[in-house]
Amino acid sequence: MKNDWKRKWCGLYGLLMIFSCAGAPAVNVPPAKMASRQAIVVKTAGWNASEAVLQAYERESEYSSWVAVGRKIPVVAGRNGMGWGDGLHQAGDAKSGPVKREGDGRAPAGIFRLGSAFGYDRAEMTSWIRIPYKQMTAAHRCVNDVHSIYYNRIVDAGQVRPDWSSSEEMLRRDNLYHLGIVVDHNVDPVASGRGSCIFLHVWEGPARGTSGCTAMDKEDLELLLLWLLPEAGPVLVQLPEAEYAKIRDVWGLP
């Protein structure tokens with residue numbers, strides 16, 4: 001009886017929970033930071049699948065029901081699938097699925113803030129993007145060297161003293177970063193080796209998984225950027241379908 005009561009309580013408050021609910025990872029942040037009104041949900045067929053489906057949802061308040069926005073969008077996750085990341089949740093028991101590591105070719109699973117956008121165009125050309133936006137230049141790098149003090153950060157190499165042996169160019173020749181959204185994975189605090197430089201960005205194609213990001217057609221990414229509102233506290237939810245079904249009510253997911 002006690003467990004039934006606890007499960008109903010968790011389902012009622014969903015994303016506002018700050019304690020552990022049986023059978024699922026728990027939210028571990030203050031409720032005010034979890035009161036999101038926009039959610040981008042990405043689901044794969046399993047932990048090792050790279051092809052996925054994205055659906056956007058919104059609600060009027062943290063106490064309202066989620067409503068689907070727009071159509072389902074085909075996307076790709078990591079070339080090796082997903083692994084539990086570090087975000088607005090606890091990874092839980094590692095036996096419930098793989099854990100995200102640097103260089104593993106997996107996209108992070110869990111709930112993550114979407115805080116800022118980036119791209120190649122000047123800021124004055126992107127006034128239609130309402131979340132914070134930063135133009136990338138040839139000097140910008142995202143550092144993936146686990147030994148660097150700038151690990152998992154986008155930096156201007158001309159403004160800092162480089163201490164890394166590997167990094168990603170943010171002004172790419174293939175235009176995959178022509179537009180992108182930063183996924184707040186492994187940021188508070190940053191744990192060395194838990195994965196870096198996770199974005200939503202333009203894909204190479206529907207059958208090409210990424211190194212750990214989630215990618216889609218440029219037009220679909222533009223629609224998401226047009227929709228996102230900073231005051232809505234947007235989040236990304238990424239999970240395999242079976243895992244999503246198990247914890248949907250506990251986390252209060254759409």
Side-chain angles (χ1 to χ4, degrees), residues 14-18 25-43 52 54 56-58 62 75 77-78 82-92 99-104 106-119 129-134 136 140-144 146 148-155 167-168 170 177 179-202 210-216 221 224-225 227-239 251-254:
L15 295 179
L16 301 179
M17 293 302 299
I18 58 173
V27 171
N28 61 354
V29 295
K33 294 184 178 180
M34 289 303 299
S36 174
R37 294 186 287 109
Q38 289 184 322
I40 294 174
V41 177
V42 174
K43 292 187 284 187
L54 180 154
Y57 294 88
E58 63 184 10
E62 60 265 38
V75 299
M82 291 186 186
W84 283 112
D86 292 331
L88 300 176
H89 61 280
Q90 294 173 353
V99 174
K100 171 67 183 167
R101 302 292 183 190
E102 183 65 43
D104 62 1
R106 293 183 181 273
I111 304 178
F112 310 92
R113 292 187 186 90
L114 296 174
S116 61
F118 61 87
I129 298 176
R130 287 170 287 186
I131 62 175
Y133 172 88
K134 187 176 182 64
M136 296 292 100
H140 283 97
R141 301 287 188 275
C142 188
V143 180
N144 53 25
V146 299
S148 171
I149 63 173
Y150 302 107
Y151 177 65
N152 198 27
R153 288 176 55 187
I154 297 174
V155 297
S167 64
E168 284 193 54
M170 296 302 294
Y177 290 171
L179 278 175
I181 304 172
V182 177
V183 177
D184 284 353
H185 158 72
N186 189 25
V187 297
D188 189 20
V190 176
S192 180
R194 281 303 307 268
S196 61
C197 309
I198 303 299
F199 313 125
L200 302 182
H201 65 75
V202 180
T210 71
S211 296
C213 297
T214 298
M216 65 201 76
L221 183 56
L224 290 178
L225 281 165
W227 170 70
L228 289 173
L229 297 172
E231 63 269 25
V235 295
L236 171 69
V237 182
Q238 294 196 139
L239 291 165
W251 281 6
L253 301 177

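Expressed to the nearest 0.5 Å, how far OG of Ser211 lies from CD1 of Ile198 amounts to 9.0 Å. Summarising the geometry, atom CZ belonging to Phe112 is positioned 14.5 Å from atom CD1 belonging to Ile181; distances are rounded to the nearest 0.5 Å. In this structure, the separation between CG on Leu229 and CD1 on Ile131 is 9.5 Å, given to the nearest 0.5 Å. Atom CD of Glu168 sits about 14.0 Å away from atom NE2 of His140, to the nearest 0.5 Å. Atom OG1 of residue Thr214 and atom CD of residue Gln238 lie 3.5 Å apart, to the nearest 0.5 angstrom. Separation of atoms CD1 (Ile129) and NZ (Lys134) is listed at 14.0 Å; rounding is to 0.5 Å.
At distances below 3.5 Å, not a single donor-acceptor pair connects side-chain atoms of Tyr177 with backbone N or O atoms of Val202. Arg194 places a side-chain N or O within 3.5 Å of a backbone atom of Lys100 that can act as its donor or acceptor partner. Between the side chain of Asn152 and the backbone N or O of His185 there is at least one donor-acceptor pair closer than 3.5 Å.
A 4.5 Å side-chain heavy-atom check between Leu239 and Trp84 finds at least one atom pair inside the cut-off. Side chains of Val42 and Met82 form a contact here, defined as non-hydrogen atoms less than 4.5 Å apart. Counting heavy atoms from C-beta outward, Arg106 and Arg101 have side chains that stay 4.5 Å or more apart. For the pair Arg153/Val143, no side-chain contact is recorded, criterion being any heavy-atom separation below 4.5 Å from C-beta on. At least one side-chain heavy atom of Leu179 sits under 4.5 Å from a side-chain heavy atom of Leu225. Between Met170 and Phe118 the shortest side-chain heavy-atom distance falls below 4.5 Å.
When all heavy atoms of Pro108 and Gly212 are compared, the closest pair comes out as CD-O, 3.4 Å. Of all non-hydrogen atoms in Trp251 and Ile111, the two that sit nearest each other are CE3-CD1, 3.4 Å. For the residue pair Tyr150 and Val155, the shortest heavy atom distance occurs at CD2-CG1, 4.0 Å. The minimum heavy-atom distance between Asn186 and Ala191, with the atom names listed, is OD1-N, 2.7 Å. Taking all atoms of both residues into account, the shortest heavy-atom contact from Pro132 to Gly115 is CD-O, 3.4 Å. Minimum interatomic distance between Asn144 and Ser167 (heavy atoms only, all atoms of both residues): OD1-N, 3.3 Å.
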**Asked** Does the pair Val41 and Leu54 meet the rule for a side chain to side chain contact (heavy atoms under 4.5 Å, CB included), with working shown?
**Response** CA-CA 6 Å; Val41 177; Leu54 180 154; over 6 Å; no
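Disulfide status for Cys213 with Cys197: absent, SG atoms not under 2.5 Å apart.
The residue from Leu224, Leu228, Ile40 that alone fulfils the side chain to side chain contact (heavy atoms under 4.5 Å, CB included) condition with Pro234 is Leu228.
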